[in-house]
Protein chains: 2
Amino acid sequence: MGVVPADAQRAESTRGARTGVVATRRRGDALLRAIFDAVFDQLRSAGYANLTMEGVAAAAGTGKTVLYRRWATKEDMIADALRHRLPSPGAVPLTGDVRADIHALLRCVQASFNSTRGTAFQLVSAEAGCDRPAVRQTIIDHVVEPCIQLIGEVLHRAAERGEIRPEAAGDLVAASGPAMLVQYSLIREPVVPDAFVAAVVDQIVLPLTTRSAGAEHG
Amino acid sequence: MGVVPADAQRAESTRGARTGVVATRRRGDALLRAIFDAVFDQLRSAGYANLTMEGVAAAAGTGKTVLYRRWATKEDMIADALRHRLPSPGAVPLTGDVRADIHALLRCVQASFNSTRGTAFQLVSAEAGCDRPAVRQTIIDHVVEPCIQLIGEVLHRAAERGEIRPEAAGDLVAASGPAMLVQYSLIREPVVPDAFVAAVVDQIVLPLTTRSAGAEHG
DNA sequence: TGCTTAAGATACGGTCGCGTATCCAATTTG
DNA sequence: CAAATTGGATACGCGACCGTATCTTAAGCA
């Protein structure tokens, strides 16, 4: 073996069957993109618990070798995939309009689901409370915390301008928007629709900021 | 082998080291409780992805045999553990007082975290968006949906009595409380403190129900 | 065109966990 | 106390996946 005509096998290789193309060999970014697609594909179909390097390699139409050349562990690979796909809340331009800014920041959280095929929070919580939270922290640090933080700042400045009631500029209100999106992704379906984001802004976050609301509670 | 004195080994068995007791053999419910403790222990320390039957057996001070006598698969075992440990929202007595009832129902969601060592939502989302959500559905069906449902009814009746604004009796407001608790458990720490539940009631849910709130939005 | 780099197939030993079978001993039952 | 039951310890074959090594060949570059 090894002396057999290799081209015969090559003709019906896995990759050919997947793309339908005559097996053009990918490199660099194109390959990387295919791998990341495969990662989220696998997360979605098999779940985090059952994701394997071999499965990802097969889904990407490549070999384990290629993966191990880039990442030492499964966690590294996933964390890297996230870093490439997750949006950056810090890059969201803020206008000063409370409604628009909160909406923009929540769409950022929404994008973190949709850009990862709805698996982002699956990842966060697959390791929740676990002793070694490897992947989990990537998402929290990269998207959720910054978004809550920025929403908090938006609220705080609005409160200083007197646009909203001062009590609304607290941690809980700032966290309410992201919480609703997470909830939706977990309970309903992985991908959060635009309409839901808008509904959260108008029926949850903004109502909490209006002048008279909640004065008698607390 | 097999003819060696078995008592010599028995003296320093795993179970003895764990309980400090002279290895009294458990049965029925006592054994079941030890197994469920071990399940949540393992979920917490190793995570859902790394939970194994052998690990649970070892942690419970028993053998795989005992587990397989009761459950066919890992998922069955975990689902059963949940069914035994999760609170029943339907059993919460409702008084008619909006604040008290919502508080009671949210404490039920809180209890679903704390009674499972904070692993309940870890489980929900470990399989979020996955093709075969085995364990996930148990928690959603058993606690989260009923709680949201009941909160919705409480709000609805309060709206009919004119105690809260009618728009607040919608799905989003009903879901906001549980969403905040899930968020906390995932982002901050697995176990949700009492004070946080109270803060959610008074700073999020109730403010959303007050008369004037949010009239101009949406 | 020839050289260098990296893709991708394949094979391999090793480990881990699965699920079963087997046997022994502790409880419970009558 | 004898019988029936169930807990508990191994042992074992099996398959999946890991991580590495090897080799061929396509892609990019000078």
- Item | Side-chain donor/acceptor of A:K74 to backbone N/O of A:L51, under 3.5 Å | yes
- Task: Rounded to the nearest angstrom, tell me the gap between atom CZ in B:R25 and atom C1' in C:dA26.
- Result: 4 Å
- Message: With a 3.5 Å distance limit and no angle check, can you tell me whether A:N114 reaches the backbone of A:V191 through a side-chain donor-acceptor pair?
- Response: no
- Item | Atom-pair distance (CG on B:L32; C1' on D:dT6), nearest Å | 14 Å
- Task: Would you please confirm or rule out a distance under 4.0 Å between OP1 or OP2 of D:dG28 and any side-chain N or O of A:R26?
- Result: no
- Short N-O contact, B:D76 and B:R70, less than 4.0 angstrom: no
- Note on the structure: Rounded to whole Å, the CG-P distance (B:D29 to D:dT6) equals 14 Å
- Would you mind reading off the distance between B:L31 atom CG and D:dA9 atom P, rounded to a whole angstrom? 11 Å
- What integer distance in Å separates B:I35:CD1 from D:dG7:P? 8 Å
- Task: Identify the two heavy atoms, one from B:Q42 and one from B:A59, that lie closest to each other, and give their separation to 0.1 Å.
- Result: NE2-CB, 3.7 Å
- Message: Nearest 0.5 Å, please: how far is CG in B:D41 from CD1 in B:I35?
- Response: 13.0 Å
- Task: Sugar-phosphate means primed atoms, P, OP1 and OP2; the rest is base. With that split, encode nucleotides 12-22 of chain C 5' to 3' as B, S or - using protein heavy atoms under 4.0 Å.
- Result: -----BBBBBB
- Query: Is any NZ, NE, NH1 or NH2 atom of the basic residue among A:D80 and A:R83 found under 4.0 Å from an Asp or Glu carboxylate oxygen of the other?
  - Reply: yes
- Give, for atom CD1 of A:I204 and atom CE of B:M180, the distance between the pair rounded to the nearest 0.5 Å. 10.5 Å
- Query: In Å, rounded to the nearest 0.5 Å, how long is the span from CD of A:E54 to CG of A:L67?
  - Reply: 10.0 Å
- Message: Is B:T62 close enough to D:dG8 that one of its side-chain N or O atoms is under 4.0 Å from OP1 or OP2 there?
- Response: yes
- Would you work out how much the helix from C:dT1-D:dA30 to C:dG30-D:dC1 bends between its ends, with each end axis defined by five base pairs, to 10 degrees? 30°
- Message: Check this one for me: any side-chain N or O of B:R70 less than 4.0 Å away from OP1 or OP2 of D:dG7?
- Response: yes
- What's the shortest heavy-atom distance between A:P193 and A:E189, and which atoms? CD-OE2, 4.3 Å
- Query: Hey, does the side chain of B:S112 reach the backbone of B:V109 with a donor-acceptor pair shorter than 3.5 angstrom?
  - Reply: yes
Protein-nucleic acid N or O pairs under 3.5 Å, nucleotides 1-5 of chain C:
unit_1 : atom_1 : unit_2 : atom_2 : d
C:dT5  : O2     : A:R27  : NH2    : 2.8

- Message: Whether B:R188 and A:E145 form a salt bridge (side-chain N of Lys/Arg under 4.0 Å from carboxylate O of Asp/Glu) is what I want to check.
- Response: yes
